[in-house]
Amino acid sequence: MTFENEDGLKKLLKQTFGYSSFRPGQLEIIEAILGKQNVLAVMPTGAGKSLCYQLPAIYSNQKTVIVSPLVALIDDQAASLSQLGVQLSKIHSGLSRDENIKEWKRFASHESNILYLSPERLMQPKMIETLQRFSIGLFVVDEAHCISKWGADFRPDYEELAKLKILFPDTKFAAFTATADKATRKDIADKLTNENCLVFLAGFDRPNLSLRVAPKQNLKNSLLDFLSSRRKKSGIIYCLSRKETEQISSFLISNGFNAITYHAGKTAEYRRDAQNRFMTEDVVVMVATIAFGMGIDKPDIRYVIHANMPGSVESFYQEIGRAGRDGAAAETLMFFNLQDIISRQRMIFEGKGSEQHKLLEYKRLEALIGYCETSTCRRLALLSYFDETVSSCGNCDNCIQPPKVEDYSDVAKQLIAAIKETGQYFGGSHIIDVVRGSKTEKIKSRAHNSLQIFGVAIAQSKQVLQSIIRQLVAGNALRVNLEKFGALEITGRGTRILEGNEKFLAKTTIKTIPSTAKESSIASSWKFQTNPEVFAELKKVRLTLARERSVPAFVVFSDKTLLQMAKDMPTTQQQFLAINGVGRTKLEEFYNQFQEVITKFKDRKI
Ligand code: ADP
Ligand code: MG
Ligand code: ZN
């Protein structure tokens with residue numbers, strides 16, 4: 001059904017949230033929810049999923065229970081809603097017993113109609129019993145992919161939610177997630193609604209994210225290069241191990257960066273504090289394992305760097321999705337090398353799970369390797385994985401600087417021959433030493449310097465050879481044998497290349513780390529911000545207000561809203577209301593402070 005009152009919804013959107021229009025997909029989902037349909041919505045990070053269930057809850061006044069996997073996520077959403085003047089309750093393990101009781105009473109007495117809960121709290125028998133006495137209109141399951149064993153974030157607590165449909169036969173369900181391939185979608189729909197739900201798929205494309213992949217050579221220096229020209233921006237660096245996060249963040253701190261370490265080995269208190277710093281301080285580099293990130297609602301993350309290749313396209317997409325949620329330009333950069341591929345393959349190889357499951361994991365990894373090694377538009381490669389087609393994007397390294405693809409059959413032959421002559425027993429770095437004629441101990445002790453192939457590629461740089469080996473692996477001409485400690489072996493395709501029956505085309509450009517010069521063309525909306533001094537001043541006021549209220553800075557106003565203020569320079573209340581992100585409640589609370597800044601600058605100009 002279409003809702004009879006679209007205008008009413010739009011009015012509420014402006015008055016409460018301060019936004020003048022719905023984002024793609026939002027209105028349809030809201031109407032479906034208000035029309036008493038079960039809903040599963042898959043929308044990319046930053047698309048605005050929360051509003052899809054918050055607005056119906058406010059509009060209809062029916063009791064809404066929202067399940068969310070993280071305390072921090074619940075707290076952020078609660079802070080944002082309170083700041084908008086919306087009544088709500090939240091119950092989770094981070095609150096004292098008394099606080100939880102107080103929150104519950106407000107919900108039970110209908111003072112608030114929105115209740116945020118962790119899944120384990122919700123599924124406690126006592127909670128279920130009590131909730132059954134109320135008429136609950138809607139269960140919202142946020143980050144719903146956690147219900148599926150196919151996903152990377154599976155949580156047994158979420159699987160329990162499958163019982164809700166029987167316990168509450170009259171209640172509707174709305175599930176939201178950013179990452180769900182077909183199998184996962186089916187799983188969610190089945191567990192929550194017996195597959196009786198409307199599925200909404202919004203586009204996965206996030207054109208404001210630039211995409212880059214660079215070979216990993218000297219990681220620390222590369223990071224320094226990148227960060228030095230982005231000293232005023234906040235971002236995340238993802239590492240594979242706890243140790244690596246510690247090493248990289250202390251390296252960055254010693255180079256004058258405001259870096260924070262985050263991983264699951266830290267205490268809960270430390271992690272809460274780290275997250276708050278990330279949310280509130282102006283410029284922060286978060287150096288973290290993937291323990292950090294789910295539900296982080298900081299809209300102005302300007303870059304996400306992967307120090308290593310992630311495990312699958314899904315996880316990669318979800319992790320980079322945390323950048324640029326405000327819609328302004330943001331950068332992504334992944335460093336990777338052959339060792340990353342081997343480590344990832346090993347993790348699958350040694351992991352638990354059936355052979356079938358492992359096969360699926362290898363496929364997912366292969367898709368990501370494909371993304372890394374493609375010589376055409378990366379966005380095309382990424383989105384085709386989610387069955388979405390785009391034309392070349394103009395915002396990835398390959399579009400900006402198309403790599404030269406050349407016939408590299410000769411070098412490939414030399415490398416494959418060296419692998420063959422050494423008995424398919426060695427890893428990439430030894431093979432490179434052999435063809436470059438290095439006299440290492442290992443080479444001497446195995447007499448590999450007496451092989452015919454020794455030193456045939458002496459003119460080639462290590463980087464080029466590493467790159468060719470990687471491309472041979474990605475192109476299935478070589479395979480890594482994990483049982484033989486990562487030894488390179490020759491496949492059928494490799495043999496055909498060796499025998500001259502097939503050509504081997506490869507990229508030759510050795511990419512350098514994006515420089516500041518390139519940044520200007522990419523982060524355009526950022527570079528060309530109007531009145532940067534005003535923007536800086538507005539941010540300071542925001543920080544003070546956020547600290548006074550102990551909330552993340554973006555709860556006061558998003559960067560995007562502040563940018564628009566700096567550009568439009570509103571001074572009257574009417575002009576302020578015209579800014580996207582300024583609603584009634586925020587206008588009342590913040591008008592004076594922000595107006596003062598703008599007036600000050602306007603007066604100065606005259
Ligand atoms: P996600 O889909 O990742 O859960 P959120 O719900 O956290 O995204 O929303 C991301 C940002 O977009 C938030 O700052 C939110 O206030 C903002 N937003 C949501 N809907 C709109 C809209 N219609 N217009 C402008 N901004 C919006
Ligand atoms: Mg969300
Ligand atoms: Zn592209």
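Only this structure's heavy atoms are used, side chains among them; waters, hydrogens and symmetry mates stay out. In each ligand, atom 1 is the first atom listed, and ligand 1 is the first ligand listed.
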Problem - Exercise: do H263 and T289 side chains pair donor with acceptor under 3.5 Å - result: no

Handout entry: Heteroatom count (protein N, O or S) under 2.8 Å of the Zn ion (ligand 3)
Key = 4

Practice task
Return yes when C52 approaches ligand 1 closer than 4.0 angstrom through a heavy atom, no otherwise.
Solution key: no

Handout entry: Distance filter under 4.0 Å to S50 heavy atoms, resulting ligand 1 atoms
Key = 4 (O), 5 (P), 6 (O), 7 (O)

Handout entry: Exercise: do D187 and S148 side chains pair donor with acceptor under 3.5 Å
Key = yes

Problem - Side-chain donor or acceptor of T376 paired with backbone N/O of T374 under 3.5 Å - result: no

Practice task
Using the six-membered ring wherever Trp is involved, compare the ring planes of F316 and H306 and label them parallel, tilted or perpendicular (cut-offs 30° and 60°).
Solution key: tilted

Problem - Selected option - heavy-atom contact closest to atom 14 (O) of ligand 1, from F17, F176, F557, Y19 - result: Y19

Fill in the blank from the handout: Under 4.0 Å from one or more heavy atoms of L51, ligand 1 contributes atoms 20 (N)

Handout entry: Results of salt bridge (Lys or Arg N to Asp or Glu O under 4.0 Å) for E589 - residues two or more places apart only
Key = R549

Handout entry: Heavy-atom donor-acceptor pair, R379 side chain to R206 backbone, under 3.5 Å
Key = yes

Problem - Contacting atoms of ligand 1, where contact means under 4.0 angstrom from a heavy atom of G48 - result: 1 (P), 2 (O), 5 (P), 6 (O), 8 (O), 9 (O), 19 (C)

Handout entry: F226 ring center near Y303 ring center (under 6.0 Å)
Key = yes

Exercise for the section: Report the residue from T585, L545, V541 that forms a side chain to side chain contact (heavy atoms under 4.5 Å, CB included) with F590. Expected result: L545

Exercise for the section: Examine the proximity of ligand 1 to S80 and report which part, side chain or backbone, both or neither, has a heavy atom under 4.0 Å away. Expected result: neither

Fill in the blank from the handout: Min over K560, M43, R325 of heavy-atom distance to atom 4 (O) of ligand 1 lands on R325

Handout entry: Sidechain-backbone polar pair: K49 side chain, P44 backbone, donor-acceptor under 3.5 Å
Key = yes

Handout entry: Distance-only side-chain donor-acceptor flag, E548 / T544, under 3.5 Å
Key = no

Exercise for the section: Assess A47 for proximity to ligand 1: is some non-hydrogen atom of it under 4.0 Å away? Expected result: yes

Handout entry: Enumerated ligand 1 atoms positioned under 4.0 Å from heavy atoms of Q26
Key = 19 (C), 20 (N), 21 (C), 22 (C), 23 (N)

Practice task
May I ask you to check whether F22 has an N/O atom sitting below 3.5 Å from an N/O atom of ligand 1?
Solution key: no

Handout entry: Distance flag, aromatic centroids of F576 and F594, threshold under 6.0 Å
Key = no

